[in-house]
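The block underneath contains the structure these notes are about, expressed in structure tokens.
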Amino acid sequence: QVQLVESGGGLVQAGGSLRLSCVASGRTFSHNAMGWFRKAPGKEREFVAAVIWSGANLDYADYSDSVKGRFTISRDNAKNTMTLQMNSLKPEDTAVYFCAAGSSSLLGPYDYWGQGTQVTVSS
């Protein structure tokens with residue numbers, strides 16, 4: 001079965017950067033999507049970004065409009081890891097970020113979830 005562990009969260013000032021990582025057990029990358037979701041205080045969980053490996057060793061990615069141009073998602077199949085490079089962070093990005101895996105499409109539904117890592121952006 002699949003297990004996901006996130007890391008890399010922390011406290012940064014607005015305009016700063018963080019890099020989140022998700023380490024997955026099992027064979028979760030080939031022809032499967034992995035993504036990041038976040039939940040801010042008092043808000044519903046929302047989609048952030050996702051990446052899928054499809055057929056010819058090519059990754060495709062999708063992003064929420066709110067993070068396009070600032071966040072970059074990537075994956076390393078050899079290490080079973082997925083990363084989210086977060087630049088130009090805003091206070092609105094403050095949330096618990098969750099790693100998800102086990103979907104055949106970028107938007108899910110996803111079968112597996114990590115425990116989350118806290119990202120806090122101060123103004």
Side-chain angles (χ1 to χ4, degrees):
Q1 298 287 66
V2 176
Q3 297 177 12
L4 306 175
V5 180
E6 304 100 330
S7 63
L11 173 64
V12 298
Q13 292 186 329
S17 298
L18 283 174
R19 185 173 69 182
L20 307 183
S21 65
C22 174
V23 180
S25 65
R27 298 178 179 178
T28 62
F29 287 86
S30 297
H31 302 96
N32 283 327
M34 295 185 68
W36 291 95
F37 293 75
R38 67 187 182 186
K39 188 180 186 306
K43 305 289 186 179
E44 296 182 359
R45 185 186 67 188
E46 66 173 337
F47 170 79
V48 177
V51 61
I52 187 169
W53 186 90
S54 178
N57 297 315
L58 182 64
D59 286 344
Y60 296 92
D62 191 26
Y63 299 88
S64 166
D65 288 342
S66 64
V67 306
K68 285 181 179 177
R70 299 188 297 120
F71 293 7
T72 303
I73 191 170
S74 61
R75 64 194 296 171
D76 185 334
N77 290 344
K79 298 181 179 179
N80 277 347
T81 60
M82 175 181 65
T83 63
L84 183 69
Q85 180 64 46
M86 308 164 65
N87 298 326
S88 301
L89 284 163
K90 305 175 181 179
E92 306 94 274
D93 296 318
T94 296
V96 177
Y97 284 70
F98 297 91
C99 173
S103 176
S104 60
S105 64
L106 291 171
L107 298 180
Y110 288 89
D111 293 328
Y112 307 100
W113 296 84
Q115 293 298 113
T117 184
Q118 177 70 50
V119 172
T120 302
V121 184
S122 62
S123 59

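Under the side chain to side chain contact (heavy atoms under 4.5 Å, CB included) criterion, Val96 pairs with Phe98, Gln118, sequence neighbours left out. Residues that satisfy the salt bridge (charged side-chain N to carboxylate O under 4.0 Å, His left out) test with Glu46, not counting sequence neighbours, are Arg38. Residues satisfying the ring pair (Phe, Tyr, Trp, His ring centres under 6.0 Å) test with Tyr110, not counting sequence neighbours, are Phe37. Among residues two or more places apart in sequence or in another chain, the side-chain hydrogen bond (donor to acceptor under 3.5 Å, both in side chains) test is passed with Ser17 by Asn87. Every residue two or more places apart in sequence or in another chain that forms a side chain to side chain contact (heavy atoms under 4.5 Å, CB included) with Val12 is listed here: Leu18, Leu89, Val121. Checked against side-chain hydrogen bond (donor to acceptor under 3.5 Å, both in side chains), Lys68 has the following partners two or more places apart in sequence or in another chain: Asp65. Not a single side-chain hydrogen bond (donor to acceptor under 3.5 Å, both in side chains) links Thr117 to another residue, sequence neighbours left out. Applying the side chain to side chain contact (heavy atoms under 4.5 Å, CB included) rule to Ser7 yields the partners Ser21; only residues at least two apart in sequence or on another chain are considered. Remark: Arg70 pairs with Asp93 by the side-chain hydrogen bond (donor to acceptor under 3.5 Å, both in side chains) rule, at least two apart or across chains.
Taking Ile, Leu, Val, Met, Phe, Trp and Tyr as hydrophobic and joining them when side-chain heavy atoms fall under 4.5 Å apart, one finds Leu11 isolated, its cluster having no other members. Clustering of Ile, Leu, Val, Met, Phe, Trp and Tyr side chains at separations under 4.5 Å leaves Val5 isolated, with no partner residue.
In this structure, Ala61 and Ile73 approach most closely via the heavy-atom pair CB-CG2, 3.7 Å. Here the closest non-hydrogen pair linking Phe71 and Val48 is CD2-CG1, 3.8 Å. Closest approach of Pro91 to Ala14, counting heavy atoms only: CD-CB, 4.1 Å. Summarising the geometry of Leu84 relative to Trp36, their closest heavy-atom pair is CB-NE1, 3.5 Å, with the distance given to 0.1 Å. Scanning both residues, Thr72 and Tyr63, for their nearest heavy atoms gives CA-OH, 3.4 Å.
The CG atom of Asn80 sits 8.0 Å away from atom CE of Met34, with the distance rounded to the nearest 0.5 Å. Gln13 CD to Ser123 OG: the interatomic distance, rounded to the nearest 0.5 Å, is 9.0 Å. Rounded to the nearest 0.5 angstrom, Met86 CE and Arg19 CZ are separated by 13.0 Å.
Although no hydrogens or angles enter the test, the distance criterion places no donor-acceptor pair under 3.5 Å between the side chain of Glu6 and the main chain of Cys22. Not one N or O on the side chain of Tyr60 forms a donor-acceptor pair closer than 3.5 Å with the backbone of Leu106.
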Glu92 vs Ser66, side-chain contact (heavy atoms from CB on, under 4.5 Å): CA-CA, chis, key distance, verdict = CA-CA 9 Å; Glu92 306 94 274; Ser66 64; over 6 Å; no
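Remark: of the listed residues Thr81, Val23, Thr83, Thr81 is the sole one forming a side chain to side chain contact (heavy atoms under 4.5 Å, CB included) with Asp76.
Applying the salt bridge (Lys or Arg N to Asp or Glu O under 4.0 Å) test to every pair with at least one member in residues 101-118, sequence neighbours left out, gives no pairs at all.
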